[in-house]
Asks: 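So that we are looking at the same thing, I have put the structure below in structure tokens.
Naming: A, B, ... by sequence-line order, numbering from 1 per chain. What's counted below: heavy atoms across the whole structure, side chains too, no hydrogens, waters or symmetry copies.
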2 protein chains.
Amino acid sequence: MTVYTTSALKAELNDRGWRLTPQRQTILNVFQQLPKGKHLSAEDLYNLLENQGEPISLSTIYRSLKLMARMGILRELELGEGHKHYELNQPYPHHHDHLICVRCNKTIEFKNDSILKIGTKTAEKEGYHLLDCQLTIHAICPTCQRALLPV
Amino acid sequence: MTVYTTSALKAELNDRGWRLTPQRQTILNVFQQLPKGKHLSAEDLYNLLENQGEPISLSTIYRSLKLMARMGILRELELGEGHKHYELNQPYPHHHDHLICVRCNKTIEFKNDSILKIGTKTAEKEGYHLLDCQLTIHAICPTCQRALLPV
DNA sequence: CGTTAATTGTGTATGATTTTCAATAGAGTA
DNA sequence: TACTCTATTGAAAATCATACACAATTAACG
Ligand SMILES: [Mn+2]
Ligand SMILES: [Mn+2]
Ligand SMILES: [Zn+2]
Ligand SMILES: [Zn+2]
């Protein structure tokens, strides 16, 4: 399922006794329309929605991001900036991972089909239900390598 | 390099104009003697050292963990518990990764040799100097699957 | 050994995320 | 459509991990 339609979201929420709210719809839409390679923090999302004229409280933002990550709709990323970032959790043809410079936090996305396969196989072998798997590479970028000894 | 000797740590610190302190030595020793599969938070480490009779201030703990992670000596893990965990960063024969239940945070370690290879190749291709790569699998464990709809 | 800057410990600040709680509003049902 | 029930929201306050400030200490190096 590449595009998570509103009705699919509603179905999945209602199945669990939860509700589809305008806020959750709005947040899903934002991520679906987000340019490839963009990652949003809670605060980013809060500001984006405010500028867009459909504000949502920061509490609800945090609650929704957490919920949607646990449902497997969003991926929660640790990009070394001191707060989490989120992006759409997209399966096979679109799966990608991140290479992060530990000094300047520059992040590069890359694709490697083996990763999702390994994640799927490993989860299955242990009887786990897979939600997301991410290879995070911590490294020092060429620019920061040249800068002498900083940090 | 499987065992990071004290003198190796000293050399690497001094090369950068930094110092080998008793605190840094102590912390390295703790991780080297940590049972396989154990991960320590800053607070865990703080308490462990206090009980062990060689207390180190929490500030220094935080500073040292961050430093040693950026040097590639430790790995910084996000295990879903709201704070970071650390373990020794061990190369090839000992490299492993983590499968985490997003509901109960139970964590399983697993090995797959492809992962480190992919990380190495990807970093190299982009001109990055590799420090660590980790495949984190977020999933729901068998126990939590059986529990109905919780969370 | 003396010099010098890195490091430490204590106390305090910061900032991301969570919680509380009263008001609101989805979802299922008659 | 109206009604009930409880999940959800927004605002404010609370938490808690982590960072910072600064004076005192100390590792490195000549
Ligand atoms: Mn991405
Ligand atoms: Mn581990
Ligand atoms: Zn960099
Ligand atoms: Zn579980």
Side-chain angles (χ1 to χ4, degrees), chain A residues 6-28 39-47 49-50 54-71 74 76-86 102 105 148-151, chain B residues 6-28 39-47 49-50 54-71 74 76-86 102 105 148-151:
Chain A
T6 295
S7 55
L9 176 60
K10 175 168 165 53
E12 223 166 289
L13 287 166
N14 291 351
D15 276 357
R16 312 185 189 199
W18 299 336
R19 297 173 182 174
L20 176 65
T21 63
Q23 288 88 341
R24 290 172 179 171
Q25 261 180 76
T26 300
I27 291 174
L28 177 60
H39 309 118
L40 298 181
S41 67
E43 190 109 10
D44 291 338
L45 178 56
Y46 177 80
N47 292 327
L49 288 169
E50 188 161 60
E54 30 190 350
I56 296 180
S57 80
L58 203 46
S59 286
T60 299
I61 300 267
Y62 274 108
R63 284 186 287 234
S64 302
L65 290 174
K66 189 175 204 174
L67 177 73
M68 293 166 82
R70 280 163 177 255
M71 291 176 71
L74 298 180
E76 197 171 67
L77 307 174
E78 190 54 67
L79 302 178
E81 298 187 16
H83 48 251
K84 298 195 173 83
H85 283 79
Y86 296 83
V102 301
N105 290 332
L148 282 318
L149 315 183
V151 175
Chain B
T6 296
S7 55
L9 176 60
K10 175 167 164 54
E12 223 167 288
L13 286 166
N14 291 351
D15 276 358
R16 310 185 189 198
W18 299 336
R19 297 174 183 175
L20 177 65
T21 64
Q23 290 87 342
R24 289 172 182 172
Q25 263 181 74
T26 299
I27 292 174
L28 177 59
H39 308 118
L40 298 181
S41 67
E43 191 111 9
D44 291 337
L45 179 55
Y46 177 79
N47 293 327
L49 288 170
E50 190 160 59
E54 32 191 347
I56 297 181
S57 79
L58 203 48
S59 283
T60 298
I61 300 268
Y62 273 108
R63 282 185 290 232
S64 302
L65 290 174
K66 189 176 201 172
L67 176 73
M68 292 167 81
R70 281 163 176 256
M71 290 175 73
L74 298 180
E76 197 171 66
L77 307 174
E78 189 55 67
L79 302 179
E81 298 187 14
H83 46 252
K84 299 197 172 80
H85 283 79
Y86 296 81
V102 300
N105 290 331
L148 283 319
L149 317 182
V151 174

Asks: Tell me the closest heavy-atom pair linking A:Gly80 and A:Asn105, and the distance in Å.
Replies: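 That would be O-ND2, 3.1 Å.
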Asks: Taking atom P of C:dT7 as reference, at what distance in whole Å does atom CG of B:Leu67 sit?
Replies: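 Spelled out: CG on B:Leu67 to P on C:dT7 is 8 Å.
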Asks: How many whole angstroms separate atom CZ of B:Arg24 from atom C1' of D:dT26?
Replies: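 To the nearest whole Å, that distance equals 12 Å.
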Asks: Measure the shortest side-chain to side-chain distance between A:Ile56 and A:Leu45 over non-hydrogen atoms and say whether it is less than 4.5 angstrom.
Replies: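 No; the side chains remain at least 4.5 Å from each other.
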Asks: Are any of B:Thr60's side-chain N or O atoms less than 4.0 Å away from OP1 or OP2 of C:dG9?
Replies: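 Looking at the OP1 and OP2 atoms of C:dG9, one of them is under 4.0 Å from a side-chain N or O of B:Thr60.
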Asks: Tell me: CG of B:Leu40 to P of D:dT18, nearest whole Å?
Replies: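 Going from B:Leu40 (CG) to D:dT18 (P), I get 13 Å.
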Asks: Rounded to whole angstrom units, what separation is found between the CD atom of B:Glu76 and the P atom of D:dA19?
Replies: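 Distance, rounded to whole Å: 9 Å.
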Asks: Please find the pair of heavy atoms, one from B:Ala69 and one from B:Tyr86, that lie closest to each other, and give the distance.
Replies: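 Closest heavy-atom pair between B:Ala69 and B:Tyr86: CB-CE2, 4.3 Å.
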Asks: To the nearest 10°, give me the bend of the helix from C:dC1-D:dG30 to C:dA30-D:dT1, comparing the axes of its five terminal pairs at either end.
Replies: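 About 60° separates the two local helix axes.
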Asks: Could you check B:Thr21 against B:Thr60 for side-chain contact (heavy atoms from CB on, under 4.5 Å), going step by step and ending with a plain yes or no?
Replies: CA-CA 11 Å; B:Thr21 64; B:Thr60 298; over 6 Å; no
Asks: Quick check: do B:His85 and B:His83 have side-chain heavy atoms less than 4.5 Å from each other?
Replies: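 Contact flag for B:His85/B:His83 side chains = yes.
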Asks: Can you tell me the distance, in whole Å, between the CD1 atom of A:Ile27 and the C1' atom of D:dG10?
Replies: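 For the pair A:Ile27 CD1 and D:dG10 C1', the rounded distance is 13 Å.
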Asks: In the 5'-to-3' direction, what one-character label does each nucleotide of nucleotides 19-30 of chain C receive under the scheme B = base within less than 4.0 Å of a protein heavy atom, S = sugar-phosphate only, - = no such atom?
Replies: BB----BBS---
Asks: Please test B:Glu78 against A:Glu76 for side-chain contact (heavy atoms from CB on, under 4.5 Å), starting from the C-alpha separation and ending with a verdict.
Replies: CA-CA 11 Å; B:Glu78 189 55 67; A:Glu76 197 171 67; over 6 Å; no
Asks: How long is the line joining CG of A:Asp44 and P of C:dG15, in whole Å?
Replies: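 Atom-to-atom, A:Asp44 to C:dG15, this comes out as 16 Å.
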Asks: Can you tell if the side chain of B:Glu50 reaches within under 4.5 Å of the side chain of B:Tyr46, non-hydrogen atoms only?
Replies: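 When only atoms from C-beta onward are counted, B:Tyr46 and B:Glu50 do touch, with a gap below 4.5 Å.
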Asks: Using side-chain heavy atoms (C-beta onward) and a distance below 4.5 Å, is A:Leu67 in contact with A:Met71?
Replies: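 Heavy-atom side-chain distance check passes, below 4.5 Å.
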Asks: Measure from the side-chain N and O atoms of B:Arg24 to the backbone N and O of B:Arg19, and report whether any donor-acceptor pair falls under 3.5 Å.
Replies: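 Yes: the side chain of B:Arg24 pairs with the backbone of B:Arg19.
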Asks: Is the distance from OP1 or OP2 of C:dT18 to the nearest side-chain N or O of A:Tyr62 less than 4.0 Å?
Replies: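 Answer is no, no contact under 4.0 Å.
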Asks: Check whether any side-chain nitrogen or oxygen of A:Gln23 sits under 4.0 Å from OP1 or OP2 of D:dG10, and answer yes or no.
Replies: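 Affirmative; the distance criterion is met.
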Asks: Expressed in angstrom and rounded to an integer, what is the separation of B:Leu58 atom CG from D:dC16 atom P?
Replies: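 Checked: the CG to P distance equals 14 Å.
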Asks: Expressed as a whole number of angstroms, how long is the span from A:Arg70:CZ to C:dT18:C1'?
Replies: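 To the nearest whole Å, that distance equals 13 Å.
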